[in-house]
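The basis for the numbers below is simple: all heavy atoms, side chains too, and nothing from hydrogens, waters or symmetry mates.
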Amino acid sequence: MKKQIETGPNTAVCQKWEESEQGWGTRPDGFSLHLSLDGLAKFLEKYRDRMPKAVPYEYSRPCGTPYEVEVSDKVIAEIEASKNGTQFYDDYDYPGSGGVDGWLPMKRD
């Protein structure tokens with residue numbers, strides 16, 4: 001069973017990610033949480049600055065429209081400590097509603 005982001009009274013911005021692998025296509029690759037859209041923009045800028053000039057064989061990229069989620073004080077503190085955001089991978093369910101587009105979590109019985 002996947003972990004859940006602890007909910008609470010604080011608002012964070014969630015951005016889904018997908019992994020692209022040459023010859024295999026794309027698949028979900030977790031999500032990142034940010035204090036604001038500005039924090040997400042800075043996170044993406046630093047991520048892109050670390051990418052090679054040529055398209056790599058395998059890489060991750062943002063997927064879908066960012067959306068707001070409610071998170072605990074502990075999660076907000078973790079985001080604040082990371083400066084512009086922190087990533088969570090496939091061992092977590094998408095927080096909140098899952099957004100309106102991109103990869104949506106499967107319903108479990």
Side-chain angles (χ1 to χ4, degrees):
M1 182 167 212
K2 291 188 175 188
K3 299 178 208 172
Q4 302 289 320
I5 293 296
E6 190 176 303
T7 61
N10 308 290
T11 301
V13 174
C14 181
Q15 174 64 63
K16 293 180 185 178
W17 288 75
E18 67 182 3
E19 180 182 50
S20 179
E21 186 173 352
Q22 188 176 9
W24 287 93
T26 61
R27 61 186 164 270
D29 197 23
F31 57 92
S32 55
L33 294 177
H34 312 273
L35 296 177
S36 65
L37 287 173
D38 184 54
L40 170 58
K42 290 175 184 174
F43 184 89
L44 293 174
E45 182 180 341
K46 287 186 179 214
Y47 179 78
R48 290 182 183 121
D49 287 348
R50 293 189 313 264
M51 293 293 288
K53 298 291 182 211
V55 177
Y57 177 81
E58 181 180 352
Y59 65 98
S60 289
R61 62 183 178 214
C63 173
T65 304
Y67 63 99
E68 290 184 341
V69 295
E70 294 178 350
V71 299
S72 68
D73 292 339
K74 179 181 172 187
V75 174
I76 281 291
E78 187 176 341
I79 299 168
E80 288 173 343
S82 71
K83 301 282 190 235
N84 294 313
T86 188
Q87 281 193 278
F88 299 85
Y89 294 95
D90 291 331
D91 53 338
Y92 279 88
D93 275 328
Y94 293 125
S97 67
V100 296
D101 57 9
W103 295 95
L104 296 176
M106 292 176 53
K107 297 285 183 203
R108 294 191 172 90
D109 294 328

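Side-chain contact between V69 and I5 is absent, with no heavy-atom pair separated by less than 4.5 Å. Contact of the S82 side chain with the F43 side chain is not registered, since no non-hydrogen atoms from C-beta on lie closer than 4.5 Å. Between P62 and W17 the shortest side-chain heavy-atom distance falls below 4.5 Å. For the pair K46/R50, a side-chain contact is recorded, criterion being any heavy-atom separation below 4.5 Å from C-beta on. Side-chain contact check for P28 versus Y94: some heavy-atom pair is nearer than 4.5 Å.
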* To do: Before giving the answer on side chain to side chain contact (heavy atoms under 4.5 Å, CB included), spell out for H34 and K42 the whole-Å C-alpha distance, their side-chain angles and the decisive distance to 0.1 Å.
  => CA-CA 10 Å; H34 312 273; K42 290 175 184 174; over 6 Å; no

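The side-chain hydrogen bond (donor to acceptor under 3.5 Å, both in side chains) search around Y89 returns Q87, not counting sequence neighbours. The salt bridge (Lys or Arg N to Asp or Glu O under 4.0 Å) check on K3 picks up D91, with sequence neighbours excluded.
For the pair V75 and E6, the tightest heavy-atom approach, listed with the atom from each and the gap, is CG2-O, 3.9 Å. Between L33 and P95, the shortest heavy-atom distance links the atoms CD2-CG, 4.2 Å.
Residue pairs meeting the salt bridge (charged side-chain N to carboxylate O under 4.0 Å, His left out) criterion with at least one partner in residues 61-87, sequence neighbours excluded, are E18-R61.
To the nearest 0.5 Å, atoms CZ (F31) and NZ (K16) are separated by 10.5 Å. Remark: I79 CD1 to N10 CG distance equals 8.5 Å, nearest 0.5 Å. To the nearest 0.5 Å, atom CD1 of residue I76 and atom OG1 of residue T11 are 7.5 Å apart. Between the CG atom of L40 and the CG atom of N84 there is a distance of 9.5 Å, given to the nearest 0.5 Å.
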